[in-house]
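A, B, ... follow the sequence lines: proteins, then strands. Residue 1 opens every chain.
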Amino acid sequence: MPELPEVEVLVRQLAPLIRGRKVRAVEVRRPKILAPTMSAEFERAVRGATIANLSRRGKYLLFGLRRARNQSPVTLVGHLGMTGRMYLLPRTGVLPKHAAAILDLGGERFVFEDTRYFGRLTLDTRAISRLGPEPLEDGFTTEYFAGALKRSSQAIKMKLLDQSVVAGVGNIYASEALFRAGVSPRTPARRLKREQIERLRRAIRETLSEAIECGSTVPLNFAGGRDGLFYYGSSGGDSASYEERLRVYDRAGKSCLECLGAIRRVVQAGRSTFYCPKCQK
DNA sequence: CACCATGTTCCTTG
DNA sequence: CCAAGGAACATGGT
């Protein structure tokens with residue numbers, strides 16, 4: 001479930017539920033997700049701490065932990081990887097097969113579940129410092145964006161996935177934003193004209209904003225109505241579903257909603273890109 | 001068995 | 001030193 005909008009929605013829902021709560025115990029089932037932090041160090045820092053706040057940077061979750069008076073606060077950095085989920089589980093709930101780490105909050109347990117274990121929950125904050133600007137904030141200007149693209153011969157799709165260029169865009173929204181901007185994903189970054197860069201910047205902001213408004217993208221339904229299990233997004237309901245809102249992603253061979261031509265799938269740097277060759281130049 | 005999957009990091013090559 | 005490409009990580013779905 002991991003691009004900026006999904007993380008934003010998760011943070012908004014989770015923050016009020018965990019703010020102010022104390023971590024009574026820590027259980028790490030997959031030490032790999034702490035890397036490079038070691039289990040002992042992690043437990044020493046987190047056990048007994050109070051979660052003072054939760055925020056987001058790019059696709060990362062930032063847990064601000066307040067500890068004993070004589071100890072300094074620490075930041076826990078979370079990342080969902082490809083398959084990560086974070087939620088509160090009632091004390092009586094059954095832990096999932098791929099529970100990577102569990103924080104006992106007293107009433108409920110905070111669970112970090114991750115099937116593929118590509119995610120992270122760590123004290124290492126270095127990745128945060130390498131991130132580019134937040135696409136929905138003022139720092140993501142056309143001036144900045146143009147500067148970040150002008151010396152690169154790499155395809156623009158790849159630049160959008162580069163978290164040091166702009167933070168939070170992933171494989172799905174990169175294709176969607178390029179379609180909205182009418183820009184071909186294969187265009188070398190340095191070939192983009194000023195007007196295209198402006199359109200793309202706006203398209204990125206609109207695409208991400210709309211996804212946040214819609215609540216959630218990837219079908220996050222925690223299959224089978226969970227008793228008390230926290231879940232986000234609409235489970236069915238009236239709003240347009242995830243797939244319905246995507247104009248090109250995973251629509252290879254289907255018709256373009258604008259021109260009725262066929263959506264094409266190409267592979268760039270080993271990852272699928274979807275676009276309309278007629279609408280996107 | 002084959003291929004695909006929302007992401008990042010490391011290694012190699014130029 | 002930098003840019004770019006590809007493999008690796010691990011598990012499951014189709």
Chemist: Counting any heavy atom closer than 4.0 Å, what does A/R126 reach on the DNA or RNA strands: base, sugar-phosphate only, or nothing?
Modeler: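 If one applies the 4.0 Å heavy-atom cut-off, A/R126 turns out to touch nothing in the nucleic acid.
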Chemist: Determine: side-chain N/O of A/R130 to OP1/OP2 of B/dT9, distance under 4.0 Å, yes or no.
Modeler: yes
Chemist: I'd like the 5' and 3' limits of the part of DNA chain C contacted by chain A, with heavy-atom contacts below 4.0 Å.
Modeler: C/dA4 to C/dG12
Chemist: What interatomic distance, in whole Å, is found between P of B/dC4 and the corresponding atom of C/dG6?
Modeler: 15 Å
Chemist: Which of these, A/E176, A/Q268, A/K157, sits in a side-chain hydrogen bond (donor to acceptor under 3.5 Å, both in side chains) with A/N171?
Modeler: A/K157
Chemist: Report which part of the nucleic acid A/S152 touches: base, sugar-phosphate, or nothing (heavy-atom distance under 4.0 Å, all strands).
Modeler: sugar-phosphate
Chemist: What is the distance, to the nearest angstrom, from the CD1 atom on A/I172 to the P atom on B/dC4?
Modeler: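 Checked: the CD1 to P distance equals 17 Å.
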Chemist: For nucleotides C/dA10 and B/dC11, find the distance between their P atoms and express it as a whole number of Å.
Modeler: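 Approximately 15 Å lies between the P atom of C/dA10 and that of B/dC11.
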Chemist: Just need the stems in DNA chain C: three or more back-to-back Watson-Crick or G-U pairs, each with both distances under 3.5 angstrom, sorted by first number.
Modeler: B:2-5 with C:11-14, B:7-14 with C:2-9
Chemist: Classify A/G81 by what it touches in the nucleic acid, base, sugar-phosphate, or nothing, heavy-atom distance under 4.0 Å.
Modeler: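 It contacts sugar-phosphate atoms only.
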Chemist: Decide if atom CZ of A/R91 counts as having more than 12 heavy atoms of other residues, nucleotides or ligands within a radius under 6.0 Å.
Modeler: yes
Chemist: Provide the distance between the two P atoms, one in B/dA2 and one in C/dA8, to the nearest whole Å.
Modeler: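 Result for the P pair: 16 Å, nearest Å.
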Chemist: Is it the case that over 12 heavy atoms from other parts of the model lie below 6.0 angstrom from the CZ atom of A/R194?
Modeler: yes
Chemist: Taking the side chain of A/K59 as heavy atoms from C-beta outward, which of B/dA5, B/dT6, B/dT8 is closest to it?
Modeler: B/dT8
Chemist: With a 4.5 Å limit on heavy-atom distance, are the side chains of A/L54 and A/L62 in contact?
Modeler: no
Chemist: Pick base, sugar-phosphate or nothing for A/R271, based on heavy-atom distances below 4.0 Å to the nucleic acid.
Modeler: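 It contacts base atoms.
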Chemist: Under 4.0 angstrom, heavy atoms only, what part of the nucleic acid is A/F118 near: base, sugar-phosphate, or nothing?
Modeler: base
Chemist: Knowing that exactly one of A/I51, A/L17, A/L89 qualifies, which makes a side chain to side chain contact (heavy atoms under 4.5 Å, CB included) with A/L105?
Modeler: A/I51
